[in-house]
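To keep things clear, I will list the structure first and then write my remarks on it.
Each chain gets a letter, A, B and so on, in the order its sequence line appears, and its residues count up from 1. None of the values given here were measured: they were computed from a predicted structure.
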Number of protein chains: 2
Amino acid sequence: MDAGHMDVSGRCQRVAPVLARIGDKWAVLVVETLADGPVRFNALKREIGVISQRMLTFTLRGLERDGLVTRTVYPTVPPRVEYSLTPLGQSLLEPIGHLARWAHEHAEEMAAARLAFDAETVPEAEAAE
Amino acid sequence: MDAGHMDVSGRCQRVAPVLARIGDKWAVLVVETLADGPVRFNALKREIGVISQRMLTFTLRGLERDGLVTRTVYPTVPPRVEYSLTPLGQSLLEPIGHLARWAHEHAEEMAAARLAFDAETVPEAEAAE
DNA sequence: CAGTATCCGCAGAGATACTG
DNA sequence: CAGTATCTCTGCGGATACTG
């Protein structure tokens, strides 16, 4: 874990898997939803809304594998499975909070930049026609 | 930009595009490489190492569109194009720095969790055979 | 040097149906 | 309720070749 991760420009690439997790379309959403406490599978599904079972299961597996969430099964007659954040998962809330703050504060700037860029690009495509 | 982004659990989804950027396989890498100052296209390519032209161009376009980097063309005989971070792009260095810190500090924990999870899962698959 | 254009393979992701 | 299994389609991402 100390070497063999410098394949890019000399910067430590241990961050790459974390970036991948953060970039995961659903992972952050699930973590955020779990922030307030344990949530059952279908409740999670309902909260997120548009996610498919397959993706939710897949995402939860990944998070569980990375030690970010725990899966607790209550062997009741209607099966009841609760997911909750591990301390590691909770600690992740901090950096993604920073990210969310940045996103919130600069969303307009980015949107404006996009409009400006598209205004510069799209008309050319139309004019070429 | 004030409404119509609450499709998930009531949390503002303006962060989603930012998350997508961060999650972009190459975007963060490019931004980090640009942190020290303007870099030319091929230098960028060489620094990153394994990226294809297509992806580098694509990534740079996206970053430019989002107002994170600027593209400056010097009309010399051998074309010279420099990319550099905008103030917005530089401000992004902060949250991803937090993220990198977290990644660095918890990489071992995550790796251990993975090993434990796989040790729990893989043998079952082998035992079933 | 700095791209653009084209083709292709593979993984991500949704829909659906079935099980314990 | 909480998944697993299968099928499929989209689009990311790489390799290659060509252009200004």
inquiry  = Just to be sure I follow the notation: if a pair is Watson-Crick (purine N1 to pyrimidine N3 plus N6-O4 or O6-N4) or a G-U wobble (N1-O2 and O6-N3), each under 3.5 Å, what dot-bracket string does DNA chain D give, with | for pairs to another strand?
reply    = ||||||||||||||||||||

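Taking the side chain as every heavy atom from C-beta outward, B/Asp66 and B/Leu63 never approach each other to under 4.5 Å. Under the 4.5 Å side-chain criterion, counting only non-hydrogen atoms from C-beta, B/Lys25 is not in contact with A/Leu19. The shortest side-chain heavy-atom distance between B/Arg101 and A/Pro95 does not fall under the 4.5 Å cut-off. Residues A/Leu68 and A/Arg21 form a side-chain contact, since some pair of their non-hydrogen atoms from C-beta on lies under 4.5 Å apart.
For B/Arg54 and B/Phe41, each mapped to the nucleotide of DNA chain C holding its nearest heavy atom, the one lying further toward the 5' end belongs to B/Phe41. Along DNA chain D, the nucleotide closest to B/Phe58 and the one closest to A/Arg46 are compared, and the more 5′ of them pairs with A/Arg46.
Nucleic acid contact class of A/Tyr83 (heavy atoms, under 4.0 Å, all strands): sugar-phosphate only.
Here chain B contacts DNA chain D (any atom closer than 4.0 Å to a heavy atom, that is under 4.0 Å), and the contacts span D/dG13 to D/dG20 from 5' to 3'.
Within the structure, ring-ring contact (aromatic ring centres under 6.0 Å, His included) contacts touching residues 39-78 of chain B (residues at least two apart or in different chains) do not occur.
The CZ-P distance, from A/Arg21 to C/dG12, rounds to 11 Å in whole Å. Atom CD in A/Gln53 sits about 12 Å away from atom P in C/dG14, given to the nearest Å.
The closest side-chain donor-acceptor pair between B/Thr70 and B/Thr86, if any, does not fall under 3.5 angstrom.
Heavy-atom contacts from other residues, nucleotides or ligands closer than 6.0 Å to CD of A/Glu94 number 12 or fewer.
Ion pairing between a basic and an acidic side chain is recognised when a charged N comes within 4.0 Å of a carboxylate O; B/Glu47 and B/Lys45 show no such pairing.
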